[in-house]
Amino acid sequence: MPYDPAHSEKRWQEAWEKAGSFRAVRDERPKYYVLEMFPYPSGRIHMGHVRNYTMGDVVARYKRAQGFSVLHPMGWDAFGMPAENAAMEQGGHPRDWTYGNIATMRDQLKPLGLSIDWSREFATCDDDYVAQQQALFLDFLDAGLIYRKNAVVNWDPVDMTVLANEQVIDGKGWRSNAPVERRELTQWFFRISNYSEELLEALETLKGWPEKVRLMQANWIGRSRGLQFRFDTVNAPDGFDRIEVYTTRPDTLMGASFVALSPDHPLAKALEAGDARLDAFAAEARKIGTSEEALEKAEKVGIDTGIRVRHPLDPNWELPVWIANFVLMDYGTGAIFGSPAHDQRDHDFARRYGLPIRATFGKPGMTEAEADAFVADEPYVPLKSETVTYVRGFSGKRDQTGEAAVDAAIQHAATQGYGEGVTKFRLRDWGISRQRYWGCPIPVVHCESCGTVPEAKQNLPVLLPRDVSFDVPGNPLDRHPTWRQATCPKCGGQARRETDTMDTFVDSSWYYARFTAPHAATPTLREDADYWMNVDQYIGGIEHAILHLLYSRFFARAMVKTGHLPETAKEPFDALFTQGMVTHEIYVDRPKGAPVFGTGLAADQELAESKPYRPTYYLPEEVERRENGVFLRATGEQLDVIPSAKMSKSKKNVVDPVNIVQSFGADTARWFMLSDSPPERDVEWTAAGAEAAAKFLSRVHRLAEDKGAGDREDADLMRAAHRAIDEVTRAIEGFAFNKAVAKLYELANAVSKSSASGEPRRAVLRIMAALMGPMVPHLAEDVWALAGGEGLLVDAPWPKADPALLVSNEVTLPIQINGKRRGEITVPADMAQAEVEQAVLADETVQRFLNGQPPRKLIVVPGRIVNVVA
RNA sequence: GCGGGCGUGGCGGAAUGGUAGACGCAUGGGACUUAAACUCCCUGGGGCUGAAGCCCGUGCGGGUUCGAGUCCCGCCGCCCGCACCA
């Protein structure tokens, strides 16, 4: 019977279902919790999902075979803006859209044959999850982890709504195209900054995390040691006698040439009120929006306020105070001093406005004049660990490192009393207020007599009203006729419900904990959390390296503090793996010579500007590849091919997993997603690759059916099988699935070539089935059954390699002469080094190169290589 | 702009500082077939060469080392994140 994935995949999935194979149970076995980042229910699954969940499934099935009790759950990150956007654009309700998408995607996911415990499934928009999240919120509030303060948002004056950063394009609202305004609102914050130090220090303990992610988080938290000090003002309005400044380079104080304020600095605001010129500047600066990226990319501009401050080291020295668009109110004190000689941005700013550029230090040995000349055109920014010569120093040695100079400057300020050393963190508190409908309501009421009052726990959940519409601008919760009316839990009087909902990052910050007891009446159950936490292996995209993972680390600590998780779970993810994207070429129709939008490939910029052109993109299934290019099937028209990019609907370079599963089977999709590309790198989906995967799988099926006559042994094949056990096991342990695949190709090739038959051959096939099981579980069950395996493969233990079959008694050493490979020598594996050296020197090629001379050096790396230096 | 990462044949990629190109795809040749498809075997970085062999080759330019794809310095290109996308 030929390989028939459609039939056998269904059969085995039913068998696993019937046996309850993937139900996670607490028992005597050691536990293993593997989790892939749960999906947003956007509408359909895509290849990225297939890749992500296949990787997790390999780990889950492998650990299961290793004898672990495995928890491998699935859920839905279901709140968020796309549901509201859909409601606005197509009508309907966000709830219906979301649950409809979940149903579709669940149906698409199940045929992949993932070893998921579906009984634990939930969506973050479920009433139950909302209830438990609100309970957590109240506990956090009680524990002093939540507070309110003012913060700026992007306000769209036409749509009357707050915009997300991605909805602000060139300072304008994405729908209305109206210039955005920065508006201050009172919002809810989580005190993540309480944990700055701890979140930073604990990164050291996360041995199972990629170094790059730990580095990114460390930089994001951004601990810095600097000087906080005051400039006395000369002619400022009342109440602004001084300006607080924080700097990490106090050693450059003698090179200061200006002070710059954020447009949101209190002094800046006070000045703007009475000065049309400053007001206009600030208004312009605010149009950039609130995103740090936009601020940093914008041209650095400023305006002189006319105010002056005295230099702390010289009361006769006055510096101008500017308002500058690049100074952030959220970081430090909202005011900086500029030291143009040693900072690129300050340098640009000083040159633009003709401010002085005075070197504080120069290269070792430079004089003051030389150092000044050196920084006139370009700033001098050496590493802090480098020794430089201070030409305008005021503390410490003349020649010292930046680090030493900073310490000396702080010391100087503390002694003289004009400032103090301060450790600051870049990490800001986490603003969770969203002025939107489709999110978890913040369970708080505003009472006229009692103020802001948390909702009583017995009144939870506070659910969203269902009768809302999205046809008018603004937040539906704000304009709902009755939903806002509430009773104050404290005094029983009339109160107004909070209409802000929570950031969806809150939902995803504890779902991993909820999976341990998904139906409990409290956020977690102690026994289940104790047993299942932590997540042993977490898998997801690198794009979550900072925010999601940092918020989750904070949340776990907050849950420990409020008694919802054991102390041992404060770092919830023991190991993390970040996988790459699935990409595909892009097919686009365009006039010859015209550039392509948004690809960076514009060949002819002039044409791009003179003839704007909207390209039409085509799906991979709409095109046909011929020898001389790619053509549209329907019309025969030639199309352009743009190199691979992340699959996206707008570029139409998407391959629907549903089609692939229908035509090739789930195992082919899984196998291809694991082949070739290393998991952490992007993988390009190609039709040829998918076909190759399908061909290989049917070849394996044929190998299993071809039994051969008699019972012929083949020692070489058995050795190959045991080598495969060793190599595949190590590859899976090391998350190198592409290498595991390569080793299985080698084993299949060995089986093909072998003359083994009968039971000796079947024994090898059973090993192959077991090794392939985590990757292509359905085919592996077929092979297992054909090769006489007992019961379901999914219940079989992982094979063990026999060490005796892994060693060989001879070893071939390459011989290098002066670093170039010139030959090789085969010697017994246990030959003494001196004997190896003798043998090498006796080698014909070596003698030819040595030409009778003794070697200058002879390096023997045992078991690896020999290098003769002539 | 700032922070992080990546770059190896025609293509995806392999290589504890130790034989660069495992394994797969494409290509070319052959077998099977009336023919094709399927399948199987061989070939498979570039150059010189009949062959043995030699030279070049891991984005670019330097450096460390007996030995560098791997480590260090400086560039170029692409990707991810930048706090209200998820």
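Every chain is numbered from 1, with letters handed out A, B, ... down the list of sequences.
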May I have the list of side-chain donor-acceptor pairs in residues 538-547 of chain A shorter than 3.5 Å, sequence neighbours left out?
residue: Tyr538(A); atom: OH; partner: Tyr511(A); partner atom: OH; Å: 2.6
residue: Tyr538(A); atom: OH; partner: His548(A); partner atom: NE2; Å: 2.7

Show every donor-acceptor pair shorter than 3.5 Å between a side-chain atom in residues 856-870 of chain A and any protein atom, with sequence neighbours excluded, or say none if there are none.
residue: Arg856(A); atom: NE; partner: Ala870(A); partner atom: O; Å: 3.4
residue: Asn867(A); atom: OD1; partner: Gly819(A); partner atom: N; Å: 3.2

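Residues that satisfy the side chain to side chain donor-acceptor pair (under 3.5 Å) test with Glu89(A), not counting sequence neighbours, are Arg175(A). By the side chain to side chain donor-acceptor pair (under 3.5 Å) test, Ser193(A) is found to be paired with Asp429(A), residues two or more places apart in sequence or in another chain being considered. Residues satisfying the side chain to side chain donor-acceptor pair (under 3.5 Å) criterion with Glu691(A), sequence neighbours excluded, are absent altogether. Every residue meeting the side chain to side chain donor-acceptor pair (under 3.5 Å) condition with Gln217(A), not counting sequence neighbours, appears here in chain and number order: Arg553(A). For Phe189(A), the ring-ring contact (aromatic ring centres under 6.0 Å, His included) partners at least two apart in sequence or on another chain are Tyr147(A).
In RNA chain B, runs of at least 3 consecutive Watson-Crick or G-U pairs, each pair with both distances below 3.5 Å, span B:1-7 with B:76-82, B:10-12 with B:23-25, B:28-31 with B:39-42, B:45-48 with B:53-56, B:59-63 with B:71-75.
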Which pairs, protein N/O on one side and nucleotides 63-67 of chain B N/O on the other, fall under 3.5 Å?
residue: C66(B); atom: O2'; partner: Asn867(A); partner atom: ND2; Å: 3.3
residue: C66(B); atom: O2; partner: Asn867(A); partner atom: ND2; Å: 2.5

Is there any protein nitrogen or oxygen under 3.5 Å from a nitrogen or oxygen in nucleotides 23-29 of chain B, and what are the pairs?
residue: G24(B); atom: OP1; partner: Asn749(A); partner atom: ND2; Å: 3.1

Extract from the structure each pairing of a protein N or O with an N or O of nucleotides 46-48 of chain B at less than 3.5 Å, listing the distance.
none

Look for any protein N or O under 3.5 Å of an N or O in nucleotides 55-57 of chain B and output each such pair with its distance, or none.
residue: C55(B); atom: OP2; partner: Arg822(A); partner atom: NH1; Å: 3.3
residue: C56(B); atom: OP2; partner: Lys820(A); partner atom: NZ; Å: 3.0

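Dashed line: the shortest gap from a side-chain N or O of Asn738(A) to OP1 or OP2 of G12(B) is not under 4.0 Å.
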